[in-house]
Amino acid sequence: MDLLEGRHHIVVPCSPGVAPFLNKELRALKMPIIEEKSTSITTKGNFADALKLNLNLRTGQRVLWRLASFQASDPDQLYDKLIPLPWENLISADGYFSVTSVVDNPTIRDSRFANLRVKDAIVDRIRRVCGRRPDSGPLRDKLVFYLFWQQDEVKIYLDTSGPTLAQRDYRLDPGKAPLRETLAAALIMASGWNGSKNFINPMCGSGTLAIEAALIAQKRIPGLLRQSYSFQSLVGFKNMDLLALKATAMREARPDRKIRLIATDIDPEMIKVAKENAVRAEVDDVIEFLVCDFAETPIPQGGGVLICNPEYGHRLGEEEELKVTYRRFGDFLKQSATGYEAFIFSGNRNLLKEVGLRADRRWSFDNGGIACDLDAYPLYSGSRINS
Ligand SMILES: C[S@@+](CC[C@H](N)C(=O)[O-])C[C@H]1O[C@@H](n2cnc3c(N)ncnc32)[C@H](O)[C@@H]1O
């Protein structure tokens, strides 16, 4: 039995609100949707598909490859069912792995005990076959196994990604209250922007929205930037394989279209950070960065998407001061952004009311544990304005 052969279930977790966009990405990659939940989507494919998802997905958090599913009513049964699996084909006897779990079984009070039984089975099996045993511990930068144990139903997965796929390796300095890259990509997908019109990002902070937009516009997949994935620690995986995957993706990348991407922020330090991030993402030549108050952001003719993530009071700034900012931002949109569709992402509904425009669509997300909304304001001539 080879645990990486054949077609298996593949689970892609995502943050709340992101699943519809992840669904779209999976379908675009010709992957079937087996089950959609609020924080994960299950698809099915071969191991090459799991690697493809790691490199291509913009909104998923990680890619979990199902190794096995079976029934076990207690920890001894769990151990007995795991030990026949050929773990030595995944982990080298000199390797390192970690186990994590979500357990709801009456015989388990502390999920760490379930993790321990998984670890014992893997280690005992490899010692028996190879005469030596791999190390295991809490570090999650090599191979990580996920145990989902619900009553008697056990599912065990290999996390093929390692650190979350939000880590694209272009953002070393996060700046102030940055958006996760996966969430920024979902917001851009919600806006409907696809690289064919202008993209304006006032209050850009560390530039996450503008950089993700530039990557989308150039059809550059996030995996071209990221240096390492958990699957590289698998026995027999050659880094040449990863280079080959990246080379294929490079051939599929399209050149930039003639549109403008503009990102501005009042804080010169943030623009410096955003530019450095854009250099690492290799999109610094497509984004125009500018230090200015949002109201001075250039708005080119031709229309497009204007999107921003202002501070919203939970972490930075106080609500009363921010009311003035949101009011001014509403005025700026009404006066300067006709012909655009504007989007504001905020975790404070009171502040959004100050914009003075009526949103015609709204999506709800979670940003670091804070419920946030993305509101859409069409600014075509004759748009409705709240009194
Ligand atoms: C929440 S942060 C944006 C974070 C960004 N989405 C990211 O991923 O890094 C809000 C930004 O608005 C900027 N800002 C605040 N008031 C501004 C103003 N009046 N004009 C322009 N930028 C402003 C701040 O400097 C800060 O970088």
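Here, residue 1 is the first one in the sequence, and each next residue gets the next number. Read the numbers this way: they start at 1 and go in the same order the structure lists the ligands and their atoms.
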Review point. What are the atoms of ligand 1, with element, lying closer than 4.0 Å to any heavy atom of T208?
Key: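 It comes down to these atoms of ligand 1: 7 (C), 8 (O), 9 (O).
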Exercise for review: Please could you name the atoms of ligand 1 that R328 approaches to less than 4.0 Å, counting only its heavy atoms?
Suggested key: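 Listed by number with element, the hits are 19 (N).
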Exercise for review: Pick whichever of N367, D293, D265 has a heavy atom sitting closest to atom 27 (O) of ligand 1.
Suggested key: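 Minimum heavy-atom distance to atom 27 (O) of ligand 1 goes to D265.
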Side chain, backbone, both or neither: the part of [X] lying under 4.0 Å from ligand 1 by heavy atom:
X	value
A295	neither
C292	backbone
M203	both

Judging by distance only, is a nitrogen or oxygen of [X] under 3.5 angstrom from one on ligand 1?
X	result
D267	no
P178	no
P310	no
F294	yes

Exercise for review: Just say parallel, tilted or perpendicular for the rings of Y146 and F148, cut-offs at 30° and 60°.
Suggested key: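 Judged by the thresholds at 30° and 60°, the geometry between Y146 and F148 is parallel.
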Practice item. Establish, yes or no, whether the cationic atom of R280 lies under 6.0 Å from the six-membered ring centre of Y170 and within 45° of the ring axis. Key: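 No, R280 does not sit over the ring of Y170.
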